[in-house]
Amino acid sequence: MSGAALGMEVVVVFFLALFLLHRYGDFRKQQRMVLFGTLLAWYLCFLIVFILPLDVSTVTNHTVANSSPWSYIPDGILPVFWRVVYWTSQCLTWLLLPFMQSYARSGGFSITGKIKTALIENAIYYGTYLLIFGSLLIYVAVHPELHLSWYELQTIGITAANTWGLFLLVLLMGYGLVEIPRSYWNASRHGHLLIKTYFKASKLMTEKADAEENLEDVMEEVRKVSESIKYNHPLRKYIDTILRKCPLDYQEKMGRNMDDYEDFDDKQNTYPSEKSLVKLHKQVIYAVQRHNRTRVQWQILLQQAIHLEDVAKNETSSTHQFVHSFPSSEPAGWFSRYVYTPSVEWYWECLLKRWFYRLLSVVLTLFSVAVVWSECTFFSTRPVLSLFAVFIQLAERDYNYLYIEMACFITIFFLCTCVYSTVFRIRVFNYYYLASHHQTDAYSLQFSGMLFCRLTPPLCLNFLGLIHMDSAISHQKKEPTAYTSIMGSMQVLYFIANGFYIYYPMLIVILTIATYFSLGTRCLNLLGFQQFMGDNEMTSDLIDEGKELIRRGENQNQNHSLNPMTEWKERYGNPREDFTARNRSSHEMKETSYSDSVASHTRPKYSRSGSRAERDCIELLQDAEPLDFNADSLADDALDTESTRHAGGRYLSMSSSWNRIFDDV
């Protein structure tokens, strides 16, 4: 059975990374290069976390003869394995992924143009790393007792990368240690969860309106450029590329071949440059992606609010049968008919779920306290104060390999959950945002891969320090793990090994206290970034607004007799129908006669096609006196605009997109 555990975990981790990428990415629309780079980065990081407990148990096994567990890995395999995994992840995070980010975000029309843009954007990026590495190199050179061999140079590079990662690691972990237990406790409070959902609905509708407005502006620019550049113009091929990125409805309204019977005249007209078209192409990609994301998120949030309202209504039910306000139109499967019946659903949603979440929150709180205590005391070896080191040493005395592996896995899995969950929650304006249901853009996917590759190595070293398996920190004469041997001796940079790596993690105490009292949220709220504050007047107004928005959404669904997710699936979930419709519309545009294109000048560019029920959702505050709200400016249909749009009002939460930094953190 040698290596069986290693091979099994390699396969399991691959499917775990693939599942997460499918949840956040879009296999049908995003570039294969983006998906492959992100998948490889996530896979390598998860692999390090899952394999490290086997490395620890293998070191323990070396002290006992003729005692090999089924998970024992033969000598010589792990050093090669760690070397390949570590250096591949470092090449990804420092070289390939930054280049691929700029390449995917570029609006160039050719591969050469995108590569040129990516190289220019990353010139300063790579120069900064060379400056940091050169500074550390000079430090080693001025100390005669240190010899500059290849091993020392390699250790300097690893130390520099781990120092940067540890700096960010403590910040993210300090937030996750408090927020994860608190999120499960709040999830057991249905009333609190419903109020927060109303708050999110108000802010999301604001963002949705901004996205639609931005899309309309960009589509207006595309229309003007498309009408000015005729079919026989050299730049027309770039216009066709841009039009293919536009929503299908806009393509049908604009009419791609409109006025193409007229030849272009360089003497009479001024035409945009190729550089301006590249910029417009980039704007179209961003606007369309953001518009689609907000529409999908609104449908998902509407479904969550309806479900929470159903839970509140069913809690007082005497029949103990869970009744949905909007039953699914799809036939119930065997699981719903025989296992998860309405009676079972009532007991779970209205009774057992809240107690399960509360119990889980208490257990996670105890884990968080143990981590904070161990981070502040792991440098003490006599006596041993780190709780995780005590657990591992007790297991080593009995040579209980299964206990060692399970204790190591649970510990490092909890640490990774605290760090990685913060990476998934954090939002930096609209540049970095991981949105589920296939709504994450390429830039954010690759940025998350970069963060994982930079955070995982220092996280593993921190874990080994907590259990006293890193001799550079514990100063104990123990056989090092294969992972530690790949990292090299940190004593090459003495002030980092005996200073920064030991005392900086103590900062986690201050960060957890600040997170517990929501100091960051309060500061952002004082600066004008609207956050969920229960005792704030603006928060109460946004909650009332969100509640009314949800009510309008429910009325809309009643008029259409559709479940919210059913409507979403019908709109986005059938790629074959989308492909057929796109081909059909393209064929119809090609057959448009000249008389139709001339007549189109006598009609408005875009016409209203949405029904009154569809516009009810965003006409919430039309009559609110203090807001001066104009519902026409926020029509749910993206085509509801004129070539010269009127300035509309705002919601209470309407503000510049720059005010949405760290919405969830």
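No experiment lies behind these values; they were computed from the predicted model shown.
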Could you go through residues 280-288 and list every donor-acceptor pair under 3.5 Å that involves a side-chain atom there, pairing it with any protein atom two or more places apart or in another chain?
from, atom 1, to, atom 2, distance (Å)
His281, ND1, Gly107, O, 2.9
His281, NE2, Lys245, NZ, 2.9

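Taking 4.5 Å as the limit, every side-chain heavy atom of Gln303 sits out of range of all side-chain heavy atoms of Phe326.
Between Lys547 and Glu309 there is no salt bridge, since no side-chain nitrogen of the basic residue lies less than 4.0 Å from a carboxylate oxygen of the acidic one. Looking at Arg236 and Asp240, a side-chain N of the basic residue comes within less than 4.0 Å of a carboxylate O on the acidic one, giving a salt bridge. Looking at Lys208 and Glu212, a side-chain N of the basic residue comes within less than 4.0 Å of a carboxylate O on the acidic one, giving a salt bridge.
The number of heavy atoms from other shown groups lying within 6.0 Å of CZ (Phe27) is above 12. The 12-atom threshold is exceeded at CG of Leu527, counting heavy atoms of other residues, nucleotides or ligands nearer than 6.0 Å. Phe99 CZ: more than 12 foreign heavy atoms inside a 6.0 Å radius.
In the model, Thr456 has a side-chain atom that pairs as donor or acceptor with a side-chain atom of Tyr420 under 3.5 Å. Side-chain contact, His324 with Glu345: a donor N or O sits under 3.5 Å from an acceptor N or O. Side-chain contact check for Thr241 and Arg244: at least one donor-acceptor pair (N or O, by modelled atom type) lies under 3.5 Å. Donor-acceptor pairing under 3.5 Å is recorded for the side chains of Arg189 and Asn186.
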* Asked: Which is it for Tyr250 and Val218 under the side-chain contact (heavy atoms from CB on, under 4.5 Å) test, yes or no, and what are the steps along the way?
  -> CA-CA 11 Å; Tyr250 281 100; Val218 174; over 6 Å; no
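The side chain to side chain donor-acceptor pair (under 3.5 Å) test applied to Arg182 returns Glu179, not counting sequence neighbours.
Aromatic ring centres of Phe452 and Phe424 lie closer together than 6.0 Å.
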